[in-house]
Undergrad: 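Could you have a look at this structure, given as structure tokens, before my questions?
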There are 2 protein chains.
Amino acid sequence: MPDRTLETFFAFFTEIGIIEQLSRALLEARLPHGFLVSHFSVLNHLIRVQDGQTPLVLARAFQVPKTTMTHTLAVLEKHGLVEMRPNPDDKRSKRVWITATGRAFRDDAIAELLPDIERLRHRIDPAHLAQMTPGLEEVRVALDRDRDDPAR
Amino acid sequence: MPDRTLETFFAFFTEIGIIEQLSRALLEARLPHGFLVSHFSVLNHLIRVQDGQTPLVLARAFQVPKTTMTHTLAVLEKHGLVEMRPNPDDKRSKRVWITATGRAFRDDAIAELLPDIERLRHRIDPAHLAQMTPGLEEVRVALDRDRDDPAR
DNA sequence: CATATATAGTACGATATCGCACCAATCAAC
DNA sequence: GTTGATTGGTGCGATATCGTACTATATATG
């Protein structure tokens, strides 16, 4: 491996980690008291990707143990933000559906972020972000594929 | 605010969040059993930025409550990876120093990542990462400044 | 179809993270 | 200097996250 490859990867992921921490704090500050980014993220995923998925599929998507997802979904269900229905194709499993309340919760959270975005757009050029996003997408897809099949 | 600004920010930070989850899982899998990325990150920060900082400064750097940092540092100290010494300038506070063992722990963890990097460099062009990193740095710095002084 | 193995989900205990309340030291105002 | 407000750190209880072990169902093998 060329000498600088490790440093290159490490520097990249260090920046990713710090930005994630800072942006997570921004979002969490806007969520209703008691809710965490983990709750929001699951709702967002159910909308962004697809609802009706099983808890295990969600756990894999978020790289968390299935016990963690069981717990997160239980909280969301307790608040009526998702519905768990039996999976007719497999009696062991369930399917997770986002409710109208859940959609509203997610949309409200995003709306609450508007003042932050309004402030940040003076410091960070949106065009700059838009320019970087496809590159990040490629990295995300590559990491996803690597996780699914580390051998290849 | 132009219509697409919110979407642009949201898409960017969504990718950041997913990449962070995936890379965190890669690192955590290589850490000695029982250690988490939070432990590694503090050690890395003490080396990357500077050691001898106070727990509160570290807590702010990581955007975590000071109680969390107290706990993390206690674990690191219990394992001899950091040393807490009184701060002569302020008798309320302490200063955190990384030990030789702590440096070795961090270096070992990075070395353990080499097989992952070797695998990933076939999926992700290091030059591509290197090209994006300065842009990410700018975003990180902007978020940092915003946190320190949201008004300006 | 009987049995072995694999998979989906949960129960439970351990550690991590967090918010609140508190103490000690420092700083600010006078 | 005295007093009030602020700051650095910790104790404690609540929730989050995680690993291990378990049950129920599904799949594979003969």
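Residue numbers begin at 1 in each chain, while the letters A, B, ... track the order of the sequences.
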Undergrad: For A/Leu36 and for A/Pro88, find the nucleotide of DNA chain D with the closest heavy atom, then tell me which residue's nucleotide is more 5'.
TA: A/Leu36
Undergrad: For chain B and DNA chain C, what are the first and last nucleotides along the strand, 5' to 3', with at least one atom under 4.0 angstrom from a heavy atom of the protein chain?
TA: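 First and last nucleotides in contact are C/dA16 to C/dT26.
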Undergrad: Ignoring hydrogens, what is the shortest heavy-atom contact between B/Ala130 and B/Pro134? Give both atom names and the distance.
TA: O-CD, 3.1 Å
Undergrad: Would you compute the distance between atom CG of A/Leu27 and atom CD of A/Glu20 and round it to the nearest 0.5 angstrom?
TA: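 Separation between the atoms: 10.0 Å.
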Undergrad: Hey, quick one: are B/Phe62 and B/Leu56 part of the same hydrophobic cluster, counting side-chain heavy atoms closer than 4.5 Å, chains of contacts allowed?
TA: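 B/Phe62 does not cluster with B/Leu56.
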Undergrad: Looking only at heavy atoms, what is the nearest atom pair of B/Pro126 and A/Thr8, with distance?
TA: O-CG2, 3.4 Å
Undergrad: Taking the six-membered ring for Trp and the single ring otherwise, decide whether the centroids of A/His39 and A/Phe105 are under 6.0 Å apart.
TA: no
Undergrad: So, are B/Asp89 and B/Arg95 salt-bridged, with charged N and O less than 4.0 Å apart?
TA: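 Salt bridge flag = yes for B/Arg95 with B/Asp89.
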Undergrad: Which residue lies toward the 5' end of DNA chain C, A/His33 or B/His71, if each is placed at its nearest nucleotide?
TA: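 Upstream on the strand: B/His71.
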Undergrad: Which atoms of nucleotides 7-9 of chain D (N or O only) lie under 3.5 Å from a protein N or O atom, and what are those distances?
TA:
{"residue": "D/dT7", "atom": "O2", "partner": "B/Arg92", "partner atom": "NH1", "Å": "2.6"}
{"residue": "D/dG8", "atom": "OP2", "partner": "B/Arg60", "partner atom": "NH2", "Å": "3.4"}
{"residue": "D/dG9", "atom": "OP1", "partner": "B/Lys94", "partner atom": "N", "Å": "2.8"}
{"residue": "D/dG9", "atom": "OP1", "partner": "B/Lys94", "partner atom": "O", "Å": "3.3"}
{"residue": "D/dG9", "atom": "OP2", "partner": "B/Leu56", "partner atom": "N", "Å": "2.8"}
{"residue": "D/dG9", "atom": "N7", "partner": "B/Lys66", "partner atom": "NZ", "Å": "2.7"}
{"residue": "D/dG9", "atom": "O6", "partner": "B/Lys66", "partner atom": "NZ", "Å": "3.1"}

Undergrad: At their closest point, which heavy atom of A/Pro88 faces which heavy atom of A/Pro86, and how far apart are they?
TA: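 What the structure gives for the nearest pair is CD-O, 3.3 Å.
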Undergrad: Give the rounded distance in Å between these two atoms: CG of B/Asn87 and C1' of D/dT10.
TA: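 Rounding to the nearest Å, CG of B/Asn87 and C1' of D/dT10 are 17 Å apart.
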Undergrad: Hey, is A/Glu83 close enough to A/Arg85 for a salt bridge, meaning N to O under 4.0 Å?
TA: yes
